[in-house]
Structures are given as structure tokens and as C-alpha cells.
Number of protein chains: 2
Amino acid sequence: MAVGIKDVARAAGVSPATVSRVLGNGPVSTSLRERVETAIRLTGYRPNLSARRLRSQHSRTIGLIVSDLGNPFFTALSRAVEDAAYRAEMRVVLCNTDENPAREAMYLRLMQEERVTGVIYAPTRRMAASLGQMDFDFPVVLVDRTGPVGRHDGVLLDNRDAAGRLADHLAARGFRRIAGLFGNTSSTAEDRHAGFVAALAGHGLTARASFVAPAVAAAEEAAAALLAGPDRPDAIVGSNGLILLGIVKALKAAGFAMPTDVAVAGFDNEVWTDLVGDGVTVIEQPVADIGRAAMSLLFERLQNPDGAARTVMLAGRLIERGSTRRA
Amino acid sequence: MAVGIKDVARAAGVSPATVSRVLGNGPVSTSLRERVETAIRLTGYRPNLSARRLRSQHSRTIGLIVSDLGNPFFTALSRAVEDAAYRAEMRVVLCNTDENPAREAMYLRLMQEERVTGVIYAPTRRMAASLGQMDFDFPVVLVDRTGPVGRHDGVLLDNRDAAGRLADHLAARGFRRIAGLFGNTSSTAEDRHAGFVAALAGHGLTARASFVAPAVAAAEEAAAALLAGPDRPDAIVGSNGLILLGIVKALKAAGFAMPTDVAVAGFDNEVWTDLVGDGVTVIEQPVADIGRAAMSLLFERLQNPDGAARTVMLAGRLIERGSTRRA
DNA sequence: GTGAAAGCGCTAACAA
DNA sequence: TTGTTAGCGCTTTCAC
């Protein structure tokens with residue numbers, strides 16, 4: 001059957017404690033360490049992580065709870081987090097909630113049962129509301145989205161600013177009948193909406209904004225309705241990469257060309273955005289920086305559990321492409 | 001401090017064993033069960049998974065080791081696997097190796113230490129070669145790629161057939177100077193290469209095939225070289241979605257139009273493929289089916305550990321689009 | 001149906 | 001530096 005620490009100890013002629021010290025880089029003489037290491041190799045011993053964690057009371061595991069792995073933003077984020085964790089010799093449990101609060105709750109419970117060291121978490125708006133009443137035995141760092149004020153650390157894009165710059169850009173290019181599709185599950189989409197509407201108002205323009213499920217199909221449908229309806233917009237904005245894609249698909253299906261018939265712009269510099277037509281104007285997010293910042297906040301919080309909650313805000317970058325060129 | 005099973009037992013006036021039975025849906029009278037459940041709620045008790053796993057000797061965890069989460073094929077696969085696991089009340093630990101054998105080895109070791117119930121795994125070609133000498137205490141199901149013959153269950157696209165159909169399609173459309181870029185890390189790319197070359201030979205054509213890193217930048221560079229070199233191909237094929245994207249980007253950068261100057265086709269029906277120009281001809285993989293089949297194989301193997309290794313092969317679907325239309 | 005007792009595999013505390 | 005001992009929090013006998 002499975003070989004345990006005692007078998008290794010016997011094989012090396014030492015006590016289990018010494019084997020344990022070798023495993024944990026504890027103080028062991030070189031000669032014993034070598035004997036133990038050979039014994040480990042010979043027996044094919046693999047330490048049992050459950051036992052280690054139970055005894056040592058720390059899991060060296062961080063939970064990453066994202067809302068949609070089908071969204072390249074979150075896959076990029078995951079990589080950055082995993083990378084940082086790897087360097088810190090920690091494991092990452094990756095949880096995908098599909099913007100479903102029930103799954104979020106399930107995963108939060110799981111994280112508690114796993115006794116994780118910390119969690120990095122992009123909550124839905126609905127779950128963020130309940131987050132205020134919940135207590136966790138580990139620090140939680142929110143990414144991409146906000147939660148109850150002052151309760152958790154967080155890393156965010158400056159969404160209002162970025163959306164405002166998008167609005168300014170469209171207004172400056174002479175577009176006037178501007179519509180926007182925003183996700184209906186995140187604080188982030190709300191913030192982008194607010195920044196967008198406010199900036200347009202500053203130019204004396206009224207935004208035609210609506211909230212949709214942050215998914216390609218839903219956005220495509222909503223965009224098709226906009227295009228078929230009366231008073232067709234001359235520009236449409238999407239609040240994330242999936243929504244933006246839906247808009248572009250709807251345009252294509254309806255046979256509209258991109259800057260000429262309707263201008264398009266949005267968030268997330270996804271690979272396809274510079275491939276379609278003359279490219280789609282987007283706000284690029286510093287995704288890797290967001291992931292790294294979240295990990296830093298988490299580690300700092302572990303050092304200093306009682307400091308005040310901090311929110312790091314990063315700036316987006318406007319990439320102007322053909323889809324908003326003015327005729 | 002953290003509340004344990006004993007605290008709950010005390011609060012409910014029962015023994016720890018009874019609380020444990022409630023947790024595990026064991027035989028408990030309704031009245032006691034209710035008392036225990038209230039006590040759990042009142043105390044905010046969360047069972048310690050490490051302790052449960054240690055004692056019960058099963059982790060209810062499956063490991064999913066994929067080679068590139070930046071590849072939509074693998075994110076789609078992950079969803080299918082996670083979905084099936086969720087229904088089976090199992091957890092998934094998602095591991096991304098970035099086609100790096102060192103990371104694969106690290107994760108395989110981790111899976112052993114976690115005492116996972118089973119693993120679903122897309123190995124690099126290099127790691128697949130060493131897989132024959134490795135022994136695991138859990139079943140391994142290979143996905144998308146093959147390993148040592150007869151050693152593990154597996155789920156695969158019928159790659160030779162699919163690549164052959166792509167070749168036939170191009171030949172039938174009258175293309176003659178056909179080049180192909182294939183990934184250099186997977187058995188799958190090899191198989192596609194073989195099927196492609198063989199099918200073209202059947203039409204009396206010689207394929208100009210080369211192997212590149214399965215990533216956008218590498219493919220873009222290789223494609224640019226093909227386009228700039230002598231005897232420019234009239235069609236280029238990419239062996240997966242990332243490579244295909246690189247090819248399309250190179251064409252765009254060089255100012256070539258898609259069916260007219262050079263035809264393009266490849267694997268994976270990614271979202272952008274029907275958006276660029278008149279669409280890119282692709283082989284679509286039944287990704288969700290692949291994931292489900294892998295989970296089925298895994299569960300069946302757990303039931304019947306000694307049966308012969310099985311390989312499930314699924315057919316791809318050719319989607320003809322504008323990028324291979326003949327002038 | 002319920003409780004008492006043993007022990008999963010390891011590491012931490014203490015002693016030597 | 002090394003070994004001995006105890007016990008992390010739970011589930012699983014085994015009695016009743």
C-alpha cells in the first residue's frame with residue numbers, strides 16, 4: 001500500500017521527525033539529509049498533503065474565484081495570479097462561478113472548508129451586497145469589482161475615468177446618437193455606465209444605455225434590436241470583451257460596416273479586436289498588473305491583518321482604431 | 001477559535017459521531033438530525049476538509065491538467081469537466097502547464113500529494129514519452145493528446161481524418177501551393193500533420209509543413225516568413241486556434257487579402273473566425289463532448305480499475321467559410 | 001440509531 | 001541536531 005513517513009524513516013534509519021524536517025527544510029545534518037533523500041527516492045514516498053495541512057494548520061493554498069473563465073480578461077488574470085502563487089510556493093484553486101451567485105456561495109463555503117490562506121475574488125453585484133454580513137477566517141481581496149465599502153482590499157480599473165475617455169473620444173469624433181450595452185451583474189459595469197453617461201452629458205449628449213447579461217449571445221441580441229429599431233445609433237459601446245464581440249457580430253449579421261454605418265468601441269483589448277475590419281477601438285486593461293497587485297495586497301494583508309482596507313486603482317489605456325474613425 | 005465537530009456535538013447534546021453522520025448523510029433519526037443542523041447553523045461550523053480527507057482516505061477531487069488556458073479549446077474543456085464534476089459532487093483542481101514539461105511534472109507530483117481521485121490530462125509530447133515509466137495511484141485520462149499505447153484511457157479528435165478533410169477541401173477548391181504550420185509540443189499536431197500530408201499526397205500535392213510553438217506570436221512570425229519568402233503559398237493551414245490566429249495576423253500585417261491572395265484554414269471554431277473578412281474555414285471540435293467523455297471514462301475506470309485501456313475518438317466538423325473560396 | 005474509542009499521516013513541542 | 005510524544009479534526013469501527 002501507500003508508503004508513509006514511517007516507512008521512509010525506517011528505510012533511512014531515522015525517526016519520522018527527521019524525515020519531516022527534511023521535507024520542510026528544517027535543521028538536519030547533511031549526512032542524515034542525504035540518507036533520507038535517498039530513502040524517499042527509493043520508496044517513492046509522496047507526503048500526504050491533507051495530513052500536513054491538518055497538522056500544520058496552514059494550507060499554502062489561495063482560492064481564486066472568477067466570474068467567467070470564458071472571458072479572456074479572467075484567464076489572463078488567472079495566469080498572473082497563478083504565476084505569483086507559484087513563486088511564493090503556494091497552490092491556487094481556480095473556481096469559475098459563471099456569474100451565478102449560488103455557485104459563488106458554494107465556492108466561498110468550499111474555501112472555508114479548505115482553510116485556504118486567502119482568496120482573490122471577483123464577486124457579482126448580488127453577492128457583493130451580501131458580502132458585508134459574511135465573516136471569513138482568511139483575507140479576501142476583491143478584483144475587478146467592488147464590495148462593501150472598507151471591508152476588503154481590492155484592485156480595480158479606474159472604470160469611470162476609462163468609460164469617460166471612451167465617451168470623450170466618441171464625442172470628439174463627431175458621433176451623436178451614442179448607445180451603450182453594459183453588463184448587468186457587476187459593479188464594474190455600473191461604474192463604466194456612470195462614467196460614460198456623465199461624460200456624454202458633459203458634451204450635451206444623452207446616452208442610450210441598457211444593461212444586458214455579460215455574454216456574447218445576449219449582447220448580440222440587444223445590439224440587433226438597437227440596429228433594427230428606430231433612430232439607429234451612430235455608435236455603440238460595449239462594457240466588456242464579450243459584449244463588444246456580441247455587438248460586432250450583430251453588426252456583421254445586419255450587414256452594417258463598422259465606422260461607416262455604426263461606430264463601435266468598448267473594453268478589453270482582445271486578440272480579435274485588431275483583426276476585424278480596420279480594428280476596434282478599445283480600452284486596454286493592465287490585466288497582469290491587476291493580478292500582481294491583488295497578490296501583493298493579499299500577502300501584505302497576511303503580514304498585517306489589522307491595517308485599514310486598501311483599494312488600488314489602475315488606469316486603462318485607450319487604443320484608437322478604425323471602428324471609430326469619422327467619415 | 002475555529003469551531004470543531006466537538007463544539008457542535010456539545011451544543012447539540014450529541015456525540016461527535018452523530019454530527020459526523022449528519023454531515024455524511026449517514027443514518028440519524030430525524031429529531032437528532034434537526035438538532036445537529038441547528039447547532040451547525042448556530043455555531044457557524046465548517047468541517048475541515050483536510051481532516052475529512054485524511055480520515056476517510058478519499059479526496060473527492062479530480063485534477064485537470066491542461067497545457068494552455070489561453071487557448072479557448074482548453075477553457076471550454078475545463079468548463080465541461082467542472083460541470084460534470086460539480087454534478088458528481090467532486091472538486092476540480094485546475095492546473096495550467098503552459099506547455100512546460102517542468103510544470104507538468106510539478107503538477108503531477110502535486111496530484112499525488114493531494115491524493116486525488118483521478119486526473120484528466122493533456123500532456124506535452126515530451127512528457128507523454130516519460131508517462132510510460134510513471135506510476136500513479138489514481139487513474140489518468142488523457143485528453144486531446146495521446147500517451148504511451150495501452151496505458152491510459154483517452155479521448156481524442158480523429159485528428160488524421162479531420163486534417164485530411166481540410167486537405168481534401170483545399171485541393172478540391174483548386175489550391176496547389178499549400179503550406180501548413182503545426183504545433184511542436186503535442187501528439188495531436190503530429191497527427192494532424194500526418195493526416196494533412198497524406199491527404200495532399202493523395203492529390204499529387206506536396207505539403208510545405210513546418211512545426212512551430214503553438215502560440216500566436218510564433219505562428220505569426222513563421223507565417224510572415226512564408227509570405228515574404230519565394231514561391232508564396234496560395235493556402236496556409238494552422239493546426240490549432242492560436243496558430244490560426246497568428247497566420248491571420250501575419251496576412252493582415254503583410255496586406256494580403258484572405259481568399260484572393262492566400263487562402264487560410266485551420267482547427268478550432270473560435271469566436272473570431274467567422275468575424276474576420278468572410279470568415280475562416282475551420283474544423284470544429286466537439287469540445288464539450290470531449291470533456292464529458294473524459295469524465296465518463298474516469299468514472300468508469302474508478303468502477304472497474306482493471307479493464308483494458310480505452311480510447312474514444314470523436315469526429316470533427318468542417319465549417320466552410322470565405323477564407324477558402326476559390327477565385 | 002447512538003456513543004466511545006481508535007487512528008488516518010503527519011508536524012510541533014519538548015527532551016535529550 | 002535528533003528522537004519521543006502528543007494530537008491536529010475528523011470518520012470509522014465496534015459495541016450497545
Side-chain angles (χ1 to χ4, degrees), chain A residues 1-37 39-40 43-61 89 91 109-117 137, chain B residues 1-37 39-40 43-61 89 91 109-117 137:
Chain A
M1 237 319 271
V3 16
I5 202 168
K6 282 197 257 185
D7 305 298
V8 179
R10 206 172 308 122
V14 299
S15 75
T18 299
V19 179
S20 173
R21 288 188 189 106
V22 170
L23 256 42
N25 281 315
V28 188
S29 67
T30 326
S31 66
L32 277 200
R33 158 160 278 130
E34 275 167 10
R35 261 165 54 201
V36 168
E37 279 166 350
I40 288 178
T43 53
Y45 168 67
R46 290 290 158 223
N48 182 320
L49 269 182
S50 294
R52 297 186 85 170
R53 293 204 260 248
L54 174 59
R55 179 61 240 230
S56 70
Q57 303 285 49
H58 48 68
S59 62
R60 300 198 72 78
T61 299
E89 298 194 13
R91 276 157 284 282
R109 191 163 10 90
L110 179 62
M111 295 302 99
Q112 298 183 113
E113 299 187 353
E114 293 272 12
R115 304 292 193 266
V116 294
T117 307
D137 296 331
Chain B
M1 238 313 274
V3 17
I5 201 168
K6 283 197 259 184
D7 305 299
V8 179
R10 206 172 309 120
V14 300
S15 75
T18 299
V19 178
S20 173
R21 290 189 186 104
V22 170
L23 256 43
N25 281 317
V28 188
S29 67
T30 325
S31 66
L32 277 201
R33 159 161 276 129
E34 275 168 10
R35 260 162 57 199
V36 169
E37 279 167 350
I40 288 178
T43 54
Y45 169 66
R46 290 291 159 223
N48 181 320
L49 269 183
S50 294
R52 297 185 86 169
R53 294 204 260 247
L54 174 58
R55 179 60 239 232
S56 70
Q57 303 284 52
H58 48 68
S59 62
R60 300 198 72 76
T61 299
E89 299 195 4
R91 275 156 284 281
R109 190 161 14 90
L110 179 62
M111 295 302 99
Q112 298 183 115
E113 299 186 355
E114 292 273 10
R115 304 294 193 263
V116 294
T117 308
D137 296 331

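Letters go in sequence order (proteins before strands), and every chain restarts at 1.
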**Request:** Tell me what V19(B) touches on the nucleic acid: a base, only sugar-phosphate, or nothing, going by heavy atoms under 4.0 Å.
**Result:** nothing
**Asked** Taking only side-chain nitrogens and oxygens of Q57(A), does any of them come within less than 4.0 Å of OP1 or OP2 of dA12(C)?
**Response** no
For a quick test of your reading: what N or O donor-acceptor pairs under 3.5 Å do the side chains of residues 8-20 of chain A make, sequence neighbours left out?
unit_1: S15(A); atom_1: OG; unit_2: A17(A); atom_2: N; d: 3.4
unit_1: S15(A); atom_1: OG; unit_2: T18(A); atom_2: N; d: 3.4
unit_1: S15(A); atom_1: OG; unit_2: T18(A); atom_2: OG1; d: 3.4

**Request:** Write down the distance between CG (L54(A)) and C1' (dT11(D)), rounded to a whole number of angstrom.
**Result:** 12 Å
**Message:** Please enumerate all residues that pass side-chain hydrogen bond (donor to acceptor under 3.5 Å, both in side chains) together with Q112(A), with sequence neighbours excluded.
**Reply:** none
**Asked** More 5' along DNA chain C: S56(B) or G13(B), using each one's nearest nucleotide?
**Response** G13(B)
**Message:** Donor-acceptor pair, distance only, cut-off 3.5 Å: does the side chain of S59(A) make one with the backbone of R115(A)?
**Reply:** yes
**Prompt:** Just how far, in rounded Å, is P of dG3(C) from CZ of R10(B)?
**Reply:** 14 Å
**Complete:** Those residues at least two apart in sequence (or on a different chain) that pass side chain to side chain contact (heavy atoms under 4.5 Å, CB included) with R52(B) are L23(B), P47(B), L49(B)
**Message:** Between C1' on dT11(C) and NZ on K6(A), what's the gap in Å once rounded to a whole number?
**Reply:** 13 Å
Kindly give the atom pairs (protein nitrogen or oxygen, nucleotide nitrogen or oxygen) under 3.5 Å for nucleotides 4-6 of chain D.
none

**Message:** So that I can tick it off, tell me whether R53(A) and E114(B) are bridged by a salt bridge, with the cut-off set at under 4.0 angstrom between side-chain N and carboxylate O.
**Reply:** yes
**Rounded distance in Å - CD (E114(B)) to P (dC10(C))** = 14 Å
**Message:** Heavy atoms within less than 4.0 Å of DNA chain C: which residues of residues 44-53 of chain B have one? Give them sorted by number.
**Reply:** none
**Message:** Please give me every residue in residues 25-36 of chain A whose heavy atoms get under 4.0 Å of an atom in DNA chain C, ordered by residue number.
**Reply:** none
**Message:** To the nearest 0.5 Å, what is the distance between OH on Y45(A) and CG on D7(A)?
**Reply:** 9.5 Å
**Prompt:** Roughly how bent is the helix from dG1(C)-dC16(D) to dA16(C)-dT1(D) end to end, in steps of 10 degrees, with each end axis from five pairs?
**Reply:** 30°
**Prompt:** Nearest-Å distance, CZ (R60(B)) to P (dC10(D))?
**Reply:** 18 Å
**Complete:** To the nearest 0.5 Å, atom CZ of R91(A) lies from atom CG of L110(B) at 5.5 Å
